[in-house]
Amino acid sequence: MSKSEAHYIGPQIKMVRKVYEQCDKILISSKGFEKSICEKGDFKDKLVYFPNWAEEVKGNVPSDFDIKTIKPFNEEGNFIILFAGNIGEAQNLDAAIEAAKILKDEKKIKFVFVGDGRRREHLQNLVKEY
């Protein structure tokens with residue numbers, strides 16, 4: 001980290017460290033967050049892996065479920081671009097819709113969006129425009 005970066009980031013790291021120190025538990029939705037948090041202090045014992053709902057629901061999927069029974073997964077030769085998650089501002093899914101527009105003549109490339117969020121209706125309208 002350069003001196004200028006440290007000047008701006010250093011106080012924020014101190015604040016985050018202080019918050020973590022005051023927490024009884026720190027919930028993480030991805031095990032990938034563990035390293036970043038533990039780099040800020042000895043917080044490993046406070047970490048609790050708390051995945052998003054999808055990880056919990058997958059146990060309710062029938063054992064004989066086959067995704068290839070669902071379009072477009074059941075069509076031979078498709079290249080599927082799948083997004084599953086929050087459809088919000090931060091995900092910038094407008095860019096994915098723009099990519100789909102550019103690739104619309106490529107019949108074997110399929111875009112699949114699974115999820116909900118504040119920008120879902122906006123994206124549905126954007127798709128209708130194209």
Side-chain angles (χ1 to χ4, degrees):
M1 181 180 329
S2 72
K3 285 184 179 184
S4 63
E5 288 173 325
H7 174 74
Y8 294 104
I9 296 173
Q12 292 168 348
I13 291 174
K14 287 179 184 178
M15 180 186 68
V16 168
R17 191 176 295 130
K18 191 72 169 168
V19 169
Y20 289 164
E21 287 170 357
Q22 295 177 23
C23 291
D24 294 323
K25 298 288 180 193
I26 302 169
L27 304 180
I28 55 174
S29 61
S30 168
K31 292 184 181 185
F33 296 135
E34 185 175 334
K35 180 182 176 196
S36 173
I37 292 169
C38 289
E39 286 173 349
K40 293 169 183 64
D42 185 21
F43 302 117
K44 188 161 179 70
D45 291 341
K46 294 183 176 192
L47 297 180
V48 176
Y49 176 57
F50 194 81
N52 290 325
W53 66 271
E55 286 84 354
E56 294 175 17
V57 214
K58 70 180 178 188
N60 297 329
V61 175
S63 59
D64 62 345
F65 174 75
D66 183 2
I67 197 165
K68 291 183 179 175
T69 61
I70 301 171
K71 277 188 165 186
F73 300 99
N74 65 353
E75 298 168 351
E76 188 66 35
N78 279 346
F79 181 83
I80 298 168
I81 300 167
L82 172 70
F83 172 84
N86 179 43
I87 300 176
E89 192 74 38
Q91 288 69 31
N92 190 22
L93 293 174
D94 288 38
I97 302 300
E98 289 293 328
K101 178 183 174 187
I102 292 167
L103 296 167
K104 69 181 178 182
D105 293 331
E106 298 293 332
K107 300 301 181 201
K108 290 294 186 178
I109 298 176
K110 309 290 183 181
F111 285 77
V112 178
F113 297 88
V114 179
D116 201 355
R118 292 184 353 193
R119 301 274 294 172
R120 180 179 175 185
E121 187 175 334
H122 164 76
L123 288 178
Q124 288 172 322
N125 291 334
L126 198 57
V127 169
K128 287 176 188 174
E129 287 177 26
Y130 297 149

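Fair warning: this is a prediction, and the values are worked out from it, not measured in the lab. What's counted below: heavy atoms across the whole structure, side chains too, no hydrogens, waters or symmetry copies. Along the sequence shown, residues carry numbers from 1.
Contacts classified as salt bridge (charged side-chain N to carboxylate O under 4.0 Å, His left out) and involving residues 118-130 (residues at least two apart or in different chains) are given here: E89-R119, D94-R119, D116-R120. Each salt bridge (charged side-chain N to carboxylate O under 4.0 Å, His left out) pair with one or both residues in residues 14-33, not counting sequence neighbours, would appear here, but there are none.
Of the inter-residue distances, the one linking F79 atom CZ with E106 atom CD reads 11.5 Å to the nearest 0.5 angstrom. To the nearest 0.5 Å, atoms CD1 (I28) and CZ (F33) are separated by 8.0 Å.
With sequence neighbours excluded, the residues that form a salt bridge (charged side-chain N to carboxylate O under 4.0 Å, His left out) with E34 are K44. For F43, the ring pair (Phe, Tyr, Trp, His ring centres under 6.0 Å) test picks out Y20, with sequence neighbours left out. Remark: E75 pairs with K71, P72, N78, K110 by the side chain to side chain contact (heavy atoms under 4.5 Å, CB included) rule, at least two apart or across chains. Every residue two or more places apart in sequence or in another chain was checked for a side-chain hydrogen bond (donor to acceptor under 3.5 Å, both in side chains) with Q124, and none qualifies.
Considering only heavy atoms from C-beta on, I97 comes within 4.5 Å of F113 through its side chain. By the 4.5 Å heavy-atom criterion applied to side chains, I109 and F111 are counted as neighbours.
Following chains of ILVMFWY side-chain contacts shorter than 4.5 Å, one cannot reach I80 starting from L103, and the two form parts of different hydrophobic clusters. Clustering ILVMFWY residues whenever any of their side-chain heavy atoms sit less than 4.5 angstrom apart, transitively, puts V127 in a cluster other than the one holding V112. The cluster map of Ile, Leu, Val, Met, Phe, Trp and Tyr, joined by side-chain heavy atoms under 4.5 Å apart, puts F83 and I81 in the same cluster.
More than 12 heavy atoms of other residues, nucleotides or ligands sit less than 6.0 Å from atom OH of Y130. More than 12 heavy atoms of other residues, nucleotides or ligands lie within 6.0 Å of CG in N125, so this atom counts as buried by the packing criterion.
Across all non-hydrogen atoms, the minimal contact from C23 to I26 is CB-CG1, 4.0 Å.
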